[in-house]
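Numbered from 1 within each chain, the chains take letters A, B, ... in sequence-line order. Note that these values count all heavy atoms, side chains included, but never hydrogens, waters or copies made by symmetry.
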Amino acid sequence: MANLFVLQLLNGVQLGVLLFLIAAGLTLVFGIMDVVNLAHGVLYMVGAYFVATFAALTGSFWWGLLLMLPAAIAVGLILEVVVIRRLYARSHLDQVLATFGLVMIANETVKIVWGTSPLSVPTPELLSGSIPLMGPLRYPVYRVGIIVAGLAVALGLFLVINYTRIGMLLRAGATNRAMVSALGVDIGKLFAIVFTLGAVLACFAGALIAPILSVDTGMGESVLILTFVVVVIGGIGSIKGAFLGAILVAVVDTLGGVFGPILLREVLDPSAANQTGRMLAPMLVYILMAVILFAKPAGLFGAKA
Amino acid sequence: MTTKTMLLATSLLTLPGAALAQDVPPAAQDDVLKIGLIYTLSGPAAALGEQARNGFMLAAERIGELGGMETEIVVIDDEQRPDKAADDARELVQREEVDFVVGPIFSNILVAIHQPVTETGTILISTNAGTSNFAGAECNPNFFVTSYQNDQNHEVMGAYAESEGYQNVFLMAPNYQAGRDSLAGFKNSYTGGFAGEVFTEMGQLDFSSELAQIAAFQPDALFTFMPGGMGVNLVKQFDQAGLSSMPFLSAFTVDETTLPATQDAAVGLLGGANWAPDLENEANEAFVSAYIEEYGAVPGTYAMQAYDAAQLIDSAVRKVDGDLTDRDALRAALKEADFDSPRGDFSFGVNNYPVQDFYLVEAVKRDDGMYGTSVREKIFDDYVDTYADQCQMDAS
Amino acid sequence: MTDATAPTPRTAAPAVAPRVKVAMILFAAFALFPLLAFALDDPFLIVIGTRILAYAIAAMALDLILGYGAMVSFGHAAYLGFGTYAVAILSSYGVTDIFAQTLFAVAISAVFAFVTGAISLRTKGVYFIMITLAFGQMAFFFFISLSAYGGDDGYGLSGRSTVLGSNMLENDTTLYYATLVALIALFVLCHRIVASRFGRVLTGIRENPTRMESIGFPPFRYQLTAFVISGCITAVAGVLLANQAQFVSPAFMSWHRSGELIVMVVLGGIGTLSGAIGGAVAALLLEEVLGMMTEHWRLWFGIFLVLMVLFSPRGLTGLFEQIRGRRE
């Protein structure tokens with residue numbers, strides 16, 4: 001049981017770092033630009049499609065990953081200039097409507113370009129196979145790779161935000177937007193950089209997951225809601241909150257589904273425990289969010305609501 | 001919304017019938033044979049619906065005029081949403097006035113469209129989903145199935161696990177009706193013990209947590225039912241997790257719709273089926289080679305069963321000389337199932353579900369470089385589903 | 001329209017009269033719609049029309065709290081679901097009367113809205129959106145696990161509800177007009193609520209909660225009451241929808257549906273009631289029409305939404321008033 005716990009914890013952390021990569025951009029765009037971007041999940045999907053295409057063209061996952069980056073930057077910039085830029089001064093509801101439209105446009109475009117059948121990306125040779133953990137348990141090397149890559153990006157973001165000028169502006173922007181513009185910073189440029197950075201991170205997350213999951217048009221939507229949960233639990237605008245929120249959500253989701261029924265069996269008879277466990281497992285994340293918001297209405301690390 | 005494509009074959013006049021039965025839908029009274037296809041054509045399971053649609057269209061093209069009548073085919077994407085499908089079914093029957101509704105892939109869609117279609121007297125032919133309720137107490141004279149009863153492929157795997165002497169099998173299926181049915185079917189023919197039983201969320205794509213449990217329990221074998229994109233992900237992740245030495249038994253998980261994506265990761269995995277592309281008979285060779293030529297892919301059971309649905313309609317409409325108004329005659333003609341199925345022996349039981357053979361199949365890399373399933377041994381001969389004796393079909 | 005870029009519309013009170021006129025034109029068009037369907041020899045249009053009217057009720061109910069109370073509920077589909085399942089559950093026990101079913105649906109919705117609303121109202125803004133989503137998802141997953149009613153697969157209804165023992169609703173046209181009558185009655189109700197002292201307090205709270213509190217109107221109580229009313233009205237829409245579809249499934253309560261309701265309201269123009277109705281009609285009609293023209297209707301629908309936001313800040317209502325203003 002202890003072994004299984006460790007293994008599930010690893011699975012939770014792997015999902016967590018992935019969620020963090022997506023949530024980081026969302027929380028920055030939200031906190032600094034005050035834009036509710038429903039199209040953020042689309043970027044995750046597009047990243048996966050890019051890597052699938054480029055990896056197929058070049059025959060190498062690594063080249064695919066490398067070529068994905070300039071494509072992601074281009075998508076981020078185009079989106080910002082054409083639509084998002086015009087939404088800064090608008091209400092959240094207008095932003096919801098417009099970015100909802102963007103989701104429809106993107107999903108349909110992807111369907112037209114790549115077709116409806118899921119694509120699949122082979123695991124890179126270097127990271128294939130699994131490593132022995134304890135006893136009979138093994139862990140896929142590729143998932144270890146995701147954890148390492150995600151933590152590296154998190155560390156990089158941490159350094160940028162705490163030790164660079166742009167990081168200082170980002171932190172200031174998240175707490176007091178008016179002040180940043182008063183400092184004489186080119187807000188338009190800063191916003192474009194922030195949005196593109198968020199887009200690249202989401203695309204990167206999609207690219208990382210592509211060898212594990214099939215790449216299809218629904219993948220952006222399934223992750224979008226979970227990402228919003230992470231951002232809200234962590235507190236809007238807080239990178240630290242996004243990181244802890246992502247790990248918390250992922251671990252609760254992964255461990256709860258497995259160990260919830262086992263715990264329930266202590267108080268209920270087995271079939272009732274299974275039944276209840278099955279019902280509660282998908283709700284856990286939402287229960288977690290409701291409890292946290294009840295206790296802390298602005299999330300764990302959010303500015304006062 | 002609906003995605004519609006039309007296929008029009010050349011026309012041949014038929015005589016309008018004289019006797020009008022009570023339940024004759026208005027559609028029956030013109031001289032065009034109109035068929036509505038409802039399949040899942042978008043989302044992660046789109047590949048299944050596309051195979052079925054292709055299979056049906058292939059037969060329609062090869063035959064030319066189904067039943068010797070001008071044929072019009074309307075194709076609708078149910079988006080795997082039961083609520084939408086119920087609306088679509090009503091639209092097909094009331095607005096398009098089709099004579100036959102063919103489809104769907106998923107059992108929950110079948111449950112949603114069954115009543116709106118059959119209550120109007122329109123014939124519904126399921127080419128994949130075959131739920132237990134419609135096989136037993138709720139059997140219906142307007143409802144035919146060219147696939148199987150849902151439990152049967154799972155029973156094949158249960159029987160195989162039994163014959164291998166497994167004592168400790170781990171079960172996993174998505175938490176919806178067909179998933180629960182599948183595990184029940186496996187248990188019908190397997191008497192050994194279980195290492196664990198897990199229901200996953202419908203549409204779940206990451207199975208890391210479940211695979212960890214499987215690794216921890218060290219079962220003799222895994223039995224699973226994961227259709228479509230779920231199966232692709234599971235097979236890849238099963239391989240990545242280093243579990244490939246464990247016997248992987250499944251139904252609708254490793255088949256021609258998922259093999260193009262899983263490729264080598266799935267080779268050697270076992271499944272239960274009513275047919276495989278390499279089954280040796282003349283009708284099958286013609287079907288498989290025509291399908292590969294037309295669509296550049298190996299057909300799966302989804303395609304084969306839809307192909308048979310088109311053949312079934314063709315045979316029945318010819319038998320009644322295109323007279324769609326005499327519903328009793330039409331139903332009787334359908335029931336005869338007078339066509340050459342690629343799966344060989346095929347007839348309908350009392351509940352209009354097929355009586356057919358079942359096989360253990362294995363995923364292989366074919367000689368042409370593509371991937372497909374291959375027959376390993378026959379498990380059941382002329383197998384009747386276990387619900388048929390509950391069916392009291394009133395001769396309406 | 002000088003306030004075109006203001007994030008929230010001004011209090012609706014002075015502009016009520018023309019908007020009621022808009023609503024009356026809409027209702028007249030709805031009443032004549034079946035004639036069009038018969039003229040086109042396409043009675044199936046009535047079935048589509050019934051669905052549109054039911055969604056119009058739900059959108060209007062959401063607008064009551066979203067537009068007038070600035071409470072953006074992202075879990076409103078849950079109430080649609082309560083309405084649909086009230087029909088399914090009661091009729092499986094032989095209670096087919098639509099009034100009993102509606103009463104049951106409204107009672108469940110009131111309790112659920114009261115409890116979740118009281119918790120949700122501790123938060124504001126986006127946090128409110130997300131906590132209502134959380135409760136909506138909990139309801140969604142509860143019904144998914146309800147295997148007696150099909151769970152994920154849904155549950156087909158063997159017939160429609162009865163009205164005082166008569167099965168008149170089996171006729172599509174009768175159901176259509178019954179839905180229209182419900183829409184008009186509920187519009188009058190919502191309109192009364194908005195124009196009442198209660199409604200003014202609600203809009204006052206939207207603009208400045210602190211001030212309202214200091215002059216003796218505790219925001220929490222008013223907002224919660226509005227939240228409960230809105231939930232109950234949405235449940236009525238659910239009852240009608242279940243009759244239209246004759247099929248219930250958790251899909252009616254997924255977050256996509258909640259999102260679509262918000263889109264309808266915002267598309268129509270928030271805080272106008274008639275705008276929400278127009279938004280529902282426009283969104284669903286556009287879906288039908290575009291869907292008939294192209295397989296890729298979602299692409300064009302998305303482009304339409306983006307263009308609407310960029311060029312008509314207050315939705316269809318804004319567009320309509322702009323056109324009218326220019327003409328005058």
Taking all non-hydrogen atoms of both residues, which atom of B:R180 and which atom of C:G150 are closest, and how far apart? NH2-O, 4.4 Å
Of the non-hydrogen atoms in B:Y176 and C:D152, which two are nearest, and what is the gap between them?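 Scanning both residues, the minimum pair turns out to be CB-CB, 4.1 Å.
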Sidechain N-carboxylate O distance under 4.0 Å for B:D83, C:R257: yes
With a 4.5 angstrom heavy-atom cut-off, could you sort out which part of [X] is near chain B: side chain, backbone, both or neither?
{"X": "C:I48", "answer": "side chain"}
{"X": "C:V47", "answer": "side chain"}
{"X": "C:F141", "answer": "side chain"}

Under 4.5 Å from any heavy atom of chain C, what part of B:A86 do you find: side chain, backbone, both or neither?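 Interface part for B:A86: side chain.
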A quick test of your reading: do over 12 heavy atoms of other residues, nucleotides or ligands sit less than 6.0 Å from CH2 of C:W255? yes
Return the [atom1] to [atom2] distance between [X] and [Y], rounded to the nearest 0.5 Å.
{"X": "C:Q246", "Y": "B:E119", "atom1": "CD", "atom2": "CD", "value": "6.5 Å"}
{"X": "C:F44", "Y": "B:R90", "atom1": "CZ", "atom2": "CZ", "value": "7.0 Å"}
{"X": "B:R81", "Y": "C:F252", "atom1": "CZ", "atom2": "CZ", "value": "9.0 Å"}

Under the salt bridge (Lys or Arg N to Asp or Glu O under 4.0 Å) rule, what do B:E79 and C:R298 come out as? Steps first, then yes or no, please. CA-CA 13 Å; B:E79 298 173 22; C:R298 286 185 192 82; 3.0 Å; yes
Any side-chain heavy atom of C:L157 sitting closer than 4.5 Å to one from B:Q115?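 The answer is no; the side chains never approach within 4.5 Å.
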Closest-packed option against chain C by number of heavy-atom pairs under 4.5 Å, given B:A178, B:A112, B:S107: B:A112
Max heavy-atom pair count under 4.5 Å with chain B, selected residue of C:A245, C:S249, C:S147: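 The residue among C:A245, C:S249, C:S147 with the greatest pair count is C:A245.
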